[in-house]
Amino acid sequence: MRTVSSFSAVLLALGVGVGHGQTPTSSTAVTVYKQVGCGCCSIWAEHLRKAGFKVSSMEVPDLNRVKKAYGVPPSVQTCHTALVGDYVVEGHVPLDAIQKLLKDRPKIAGIGVAGMPIGTPGMESGARKDSYDVVAFDKTGATSTYLKK
């Protein structure tokens, strides 16, 4: 019989799983963890769905536990956390950054967009587009600029 670590048990209790061995294409499975009733998160997920990703959403009562479980640095945390293939994607990350991530397969834990910049997917407001950085982060919480938008 296989034993389950306490960390794994917490993830299972939260309904959190890690994807492995997925093909880095737009048909990659995406799981979005969001707060109950968050509309902008649903709009962001719909952008990915329209691009061909297989998106499922889970409303969770304690999103901070999900962020902590996946090592999202506090400086990057925002309204939703997604698992895209083998990566964590935090916040309103644009489609081109996700496609680049899946194509290049860098040795990082994930990418994110801090805050909720106007003009990002799910945060559209007419023609206005704020500039922002897509930040890469590793398993230690170290961050670096992945893309400038």
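Computed over heavy atoms, backbone and side chain alike; hydrogens, waters and symmetry mates excluded.
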Undergrad: Could you please spell out the steps behind the side chain to side chain contact (heavy atoms under 4.5 Å, CB included) verdict for K100 and Y146?
TA: CA-CA 10 Å; K100 176 178 173 40; Y146 187 69; 3.4 Å; yes

Undergrad: Are any of the side-chain heavy atoms of I111 and V135 separated by less than 4.5 Å?
TA: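 No. Closest side-chain heavy atoms not under 4.5 Å.
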
Undergrad: Rounded to the nearest 0.5 Å, what's the gap from CE on M116 to CG on D130? Could you check?
TA: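 If I round to the nearest 0.5 Å, the distance is 12.0 Å.
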
Undergrad: Nearest 0.5 Å, what's the NZ-CG distance between K68 and L63?
TA: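 Going from the NZ atom of K68 to the CG atom of L63 covers 14.0 Å.
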
Undergrad: About how many Å separate CD1 of I43 and NE2 of H92, when rounded to the nearest 0.5 Å?
TA: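 Reported to 0.5 Å precision, the distance equals 8.5 Å.
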
Undergrad: How about T143 and V76: do any of their side-chain heavy atoms sit closer than 4.5 Å?
TA: yes

Undergrad: Between D86 and R105 (salt bridge meaning N to carboxylate O under 4.0 Å), is one present in this structure?
TA: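 Salt bridge between D86 and R105, a charged N being under 4.0 Å from a carboxylate O: yes.
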
Undergrad: Side chain to side chain contact (heavy atoms under 4.5 Å, CB included) between K149 and D133: does it pass, once the steps are laid out?
TA: CA-CA 6 Å; K149 300 299 268 173; D133 291 338; over 6 Å; no

Undergrad: Side chain to side chain contact (heavy atoms under 4.5 Å, CB included) between L48 and I98: does it pass, once the steps are laid out?
TA: CA-CA 9 Å; L48 271 62; I98 295 169; 4.1 Å; yes

Undergrad: If hydrophobic clusters are built by linking Ile, Leu, Val, Met, Phe, Trp and Tyr wherever their side-chain heavy atoms come under 4.5 Å apart, do V93 and I118 end up in the same one?
TA: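 Different clusters: V93 never reaches I118 through Ile, Leu, Val, Met, Phe, Trp or Tyr contacts under 4.5 Å.
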
Undergrad: Please tell me whether V134 and M123 are part of a single hydrophobic cluster in this structure, the criterion being side-chain heavy atoms less than 4.5 Å apart.
TA: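 Hydrophobic grouping puts V134 apart from M123.
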
Undergrad: Indicate yes or no: at least one non-hydrogen side-chain atom of C38 is less than 4.5 angstrom from one of W44.
TA: no

Undergrad: In Å and rounded to the nearest 0.5 Å, what is the OG to CZ distance from S57 to R49?
TA: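 So the gap between those two atoms works out to 5.5 Å.
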
Undergrad: Indicate yes or no: at least one non-hydrogen side-chain atom of L101 is less than 4.5 angstrom from one of P106.
TA: yes

Undergrad: Within the 4.5 Å heavy-atom criterion, are F137 and V72 side-chain neighbours or not?
TA: yes

Undergrad: Under 4.5 Å between any side-chain heavy atoms of E90 and Q77, yes or no?
TA: yes

Undergrad: According to a hydrophobic-cluster definition based on side-chain heavy atoms being under 4.5 Å apart (Ile, Leu, Val, Met, Phe, Trp, Tyr only), do L95 and L102 belong together?
TA: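 Yes; L102 is reachable from L95 via cluster members.
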
Undergrad: Here's one to test your reading of the geometry: is the NZ or CZ of K139 within 45 degrees of the ring axis of Y70 and under 6.0 Å from its centre?
TA: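 Checked: cation-pi criterion not met.
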
Undergrad: Using 0.5 Å steps for rounding, measure from the CD atom of Q35 to the SG atom of C79.
TA: 8.0 Å

Undergrad: Under 3.5 Å, is there a donor-acceptor pair between the H80 and E59 side chains?
TA: no

Undergrad: Out of curiosity, does I108 fall in the hydrophobic cluster containing L147 (side-chain heavy atoms, cut-off under 4.5 Å, transitive links)?
TA: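 They do share one cluster, since a chain of ILVMFWY contacts under 4.5 Å joins L147 to I108.
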
Undergrad: Side chain to side chain contact (heavy atoms under 4.5 Å, CB included) for T31 and M58? Distances and angles first, verdict last.
TA: CA-CA 7 Å; T31 303; M58 294 183 65; 4.2 Å; yes

Undergrad: Show your working on side chain to side chain donor-acceptor pair (under 3.5 Å) between K129 and T120 and close with a plain yes or no.
TA: CA-CA 7 Å; K129 292 188 187 267; T120 57; over 6 Å; no

Undergrad: Decide side chain to side chain donor-acceptor pair (under 3.5 Å) for E124 and H47; before the verdict, give the C-alpha distance in whole Å, the side-chain angles of both, and the deciding distance to 0.1 Å.
TA: CA-CA 12 Å; E124 294 88 352; H47 278 277; 2.7 Å; yes

Undergrad: Please round to the nearest 0.5 Å and tell me the distance separating atom CG of L83 and atom OG of S56.
TA: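 Separation between the atoms: 9.0 Å.
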
Undergrad: Under 4.0 Å between a side-chain nitrogen and a carboxylate oxygen: does that hold for D138 and K107?
TA: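 No, no charged N to carboxylate O under 4.0 Å.
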
Undergrad: Testing the basics here: between P121 and P94, what is the closest heavy-atom pair and its distance to 0.1 Å?
TA: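 Closest approach of P121 to P94, heavy atoms only: CG-CA, 3.6 Å.
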
Undergrad: Return the minimal non-hydrogen interatomic distance between G115 and T78, and the atom names on each side.
TA: O-OG1, 3.0 Å

